[in-house]
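All residue numbers in this chain count up from 1 along the given sequence. We use all heavy atoms of the structure for the numbers below, so side chains are in, but hydrogens, waters and symmetry mates are not.
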Amino acid sequence: MPSDLPRNGGGGDRSPVPRDQLEDASRSARCVRAVDELRPRPAHAVGAARPAHPVAIALLILVAALPLAPIASLLHIALQGDTEIWRHLFAYVLPTALRDTVLLLAGVSAIAAIVGVSAAWLVTAYQFPGRNLLVWLLPLPLAFPTYIVAYVYVDVLAALGPVQSLLRSVTGWRSPADYWFPEIRSLGGAVFVIGIVLYPYVYLAARTMFQTQSVTLIEVARGLGARRWRLARDVTLPLARPAIATGLTLVLLETLNDIGASEYLGVNTLTLSIFTTWLNRGSLAGAAQIACVMLVVVAALIALERAARRGRQYAGLDRDPRVRARHRLRGPKRYATAVVCFIPVALGFVVPFLFLANQVIRRELLVGFDPSLFGHALTTIVLSASATVITLALGFGVAFAHRFVRRPFAAACVSIAGLGYAVPGTVLALGLLAPLIAFDDLVNAAAQAFAGQSVGLLLAGSSAALVIAYVVRFLALATGFAQAGLARISSDLDDAACNLGARPATVLRAVYLPLTRTAVFSAALLVFVDCLKELPATLLLRPLNVETLSTYIYQFATRGSFEDGALAALLIVLVGLLPVIRMVRLADDLDPAQPVP
């Protein structure tokens, strides 16, 4: 065959192709291939081309094992228990505990949804006096642990408290027998206290969605004749439903984790039943069996949240950068709206804060400073800071590993790592006992074999157990912040760094950490304060003679002298304000709307 004819030709006569045309075609093909190689590849293609780094794989397996180990241990303990315990629990413990838990969850979710969504809608859609200040005040109840607010309201609303004393002085009543007053130590009291503290989860989620909804949808609905209330009911709220469901899930999980407020207010929840069955009745198997029932409740809550978001996506600004302007209220409506928005702030933050400050001043707690409080505060800071550093390292490390590996296995490990936040502190503490003891036994056996003597307990019964519990429980927060920060970084930077020969550790240090500094700072604040406030896991896993600020306050409350721990409670609240302010700033950056006349 002549050299100037195509070699892959078929049958039939073909005209010879000039050599210069063949050379031009060859050069064009090479150029196309070169341009195609320089073109950015899709994320899945980039990830598929990367080898599975052993360090990334090991880190993914580690974070997945952290929550799975205590859950598996819990199931093993429950299955090893006597069947008679199950009969006793089903006959006498679980019916009451399950009923109170369901009623508490229903009541708290109702308060959080009504207060959170209403407040978010009012400050987003309307301009009224004090609106700019209320935007900052409405999330502040999150700075308070629920158990501190419960302690405060028991004192404020008790028969000898300021509220009933004022009623008797104004009306002339001589004793509580002359009138009826709602009992704060009740299921209704627990619903009120926990709901008024946790509603900001719904408020922040709903407000973020209200701010980012496109003005085009609003204009189309108004063009069809929809009025304001129908617009909110048929357009705004359905679009925000996924975010509201997420906020409510956080509220319910925090309610399940609560033990201090429920115990103090006399509500026998599943969490409290685990605590009393384990410590007061000495039945570890019974506590594990109740914990398994509680895990079923947690799984049901997560399934409901995912069902609420199934088939729905967040509606953002799309191609229209405009946002809806706030409507300026006039007349009495503007002052009534301001009062309505201030009521949850007053009940959830102002009243408890003023009560604590008043008790610190009246009892001269600053002058007669308890020397042991300084040591307890230092212990709390060291434990919380240690857990925060480890949590951030694991959370951002696993998010980077997921970005580097990009395989279904990595995504599954990240999802499993998030289970720790859904597991209540009492359940987590109970499940961690066996793995910690097993690790200590393994180390002691190795030390006995090589050194001839054991080293004692390294994890179980030490402060390390507390740090591990904090890390497992709050790892999901750090991972979530890390993934949100990394999502804003283009994958082209990964390709450019790899083409320059940078190793994954170098990419993490030189590219990702500087670009995710804000996410790291926000995650550190939130994890630190959550560790500071954590009570259930701390009560169950703390070493002997070791107190944190939360357990220090709890000891005073159980003795009926909570006021003596007001300074420690105030310290927790003041530190807790930092992440709340940070979250408000992040949410406020999304609100470019201006009021219209």
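- More than 12 heavy atoms of other residues, nucleotides or ligands sit less than 6.0 Å from atom CZ of Arg559.
- Looking at Leu574, Val152, Leu140 one by one, the single match for side-chain contact (heavy atoms from CB on, under 4.5 Å) with Phe353 turns out to be Leu574.
- For the residue pair Ala387 and Cys531, the shortest heavy atom distance occurs at CB-SG, 4.0 Å.
- Residues Val191 and Leu104 have side chains in contact (heavy-atom distance under 4.5 Å, counting atoms from C-beta outward).
- Between Phe400 and Phe396, the ring centre distance reaches or exceeds 6.0 Å.
- At a threshold of 4.5 Å between non-hydrogen side-chain atoms, the residues Tyr153 and Leu347 count as touching.
- Contact check for Cys413 versus Val398: no side-chain heavy atoms found under the 4.5 Å cut-off.
- No hydrogens or angles considered: a donor-acceptor pair under 3.5 Å links the side chains of Glu547 and Thr551.
- Side chains of Thr271 and Asn257: no donor on one and acceptor on the other come within 3.5 Å.
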**Request:** In sequence, state the C-alpha distance, the side-chain angles, and the governing distance for Val115 and Tyr203, and then conclude on side-chain contact (heavy atoms from CB on, under 4.5 Å).
**Result:** CA-CA 8 Å; Val115 175; Tyr203 164 79; over 6 Å; no

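- Put simply, CD on Gln483 and CZ on Phe481 are 12.5 Å apart, with the number rounded to the nearest 0.5 Å.
- Between Phe562 and Phe355, the ring-plane angle classifies as parallel under the 30° and 60° cut-offs.
- Atom CG of Leu378 has more than 12 heavy atoms from other residues, nucleotides or ligands within 6.0 Å.
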**Message:** Would Ile553 and Ile572 count as a side-chain contact (heavy atoms from CB on, under 4.5 Å) here? Give the steps.
**Reply:** CA-CA 10 Å; Ile553 299 166; Ile572 291 179; 3.7 Å; yes

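- Between the side chains of Asp258 and Thr146, at least one donor-acceptor pair of N or O atoms lies under 3.5 Å.
- Nearest heavy atoms, Leu272 versus Val267: CD2-O, 3.4 Å.
- Across Ser109 and Leu248, no two heavy atoms sit closer than the pair O-CD2, 3.6 Å.
- At a threshold of 4.5 Å between non-hydrogen side-chain atoms, the residues Leu138 and Pro200 do not count as touching.
- Nearest heavy-atom pair, Ile259 versus Pro536, reported as atom, atom and distance to 0.1 Å: CG2-CG, 3.4 Å.
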**Request:** Give the C-alpha distance, both sets of side-chain angles, the deciding distance and a yes or no for side-chain contact (heavy atoms from CB on, under 4.5 Å) between Leu79 and His76.
**Result:** CA-CA 5 Å; Leu79 293 176; His76 176 72; 6.0 Å; no

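- Ring planes of Tyr147 and Tyr151: tilted class, angle from 30 to 60°.
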**Request:** Take Phe521 and Leu526 through the side-chain contact (heavy atoms from CB on, under 4.5 Å) test and state the conclusion after the steps.
**Result:** CA-CA 9 Å; Phe521 178 71; Leu526 194 58; over 6 Å; no

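- The two residues Cys292 and Leu75 come nearest to each other via the heavy atoms SG-CD2, 3.6 Å.
- Looking only at atom types and distance, the side chain of Thr538 has a donor-acceptor partner in the side chain of Tyr470 under 3.5 Å away.
- Using a 4.5 Å heavy-atom threshold, the side chains of Thr276 and Glu263 count as separate.
- Leu383 places a side-chain heavy atom less than 4.5 Å from the side chain of Ser463.
- The minimum heavy-atom distance linking Gly425 with Glu534 is given by the pair CA-OE2, 3.9 Å.
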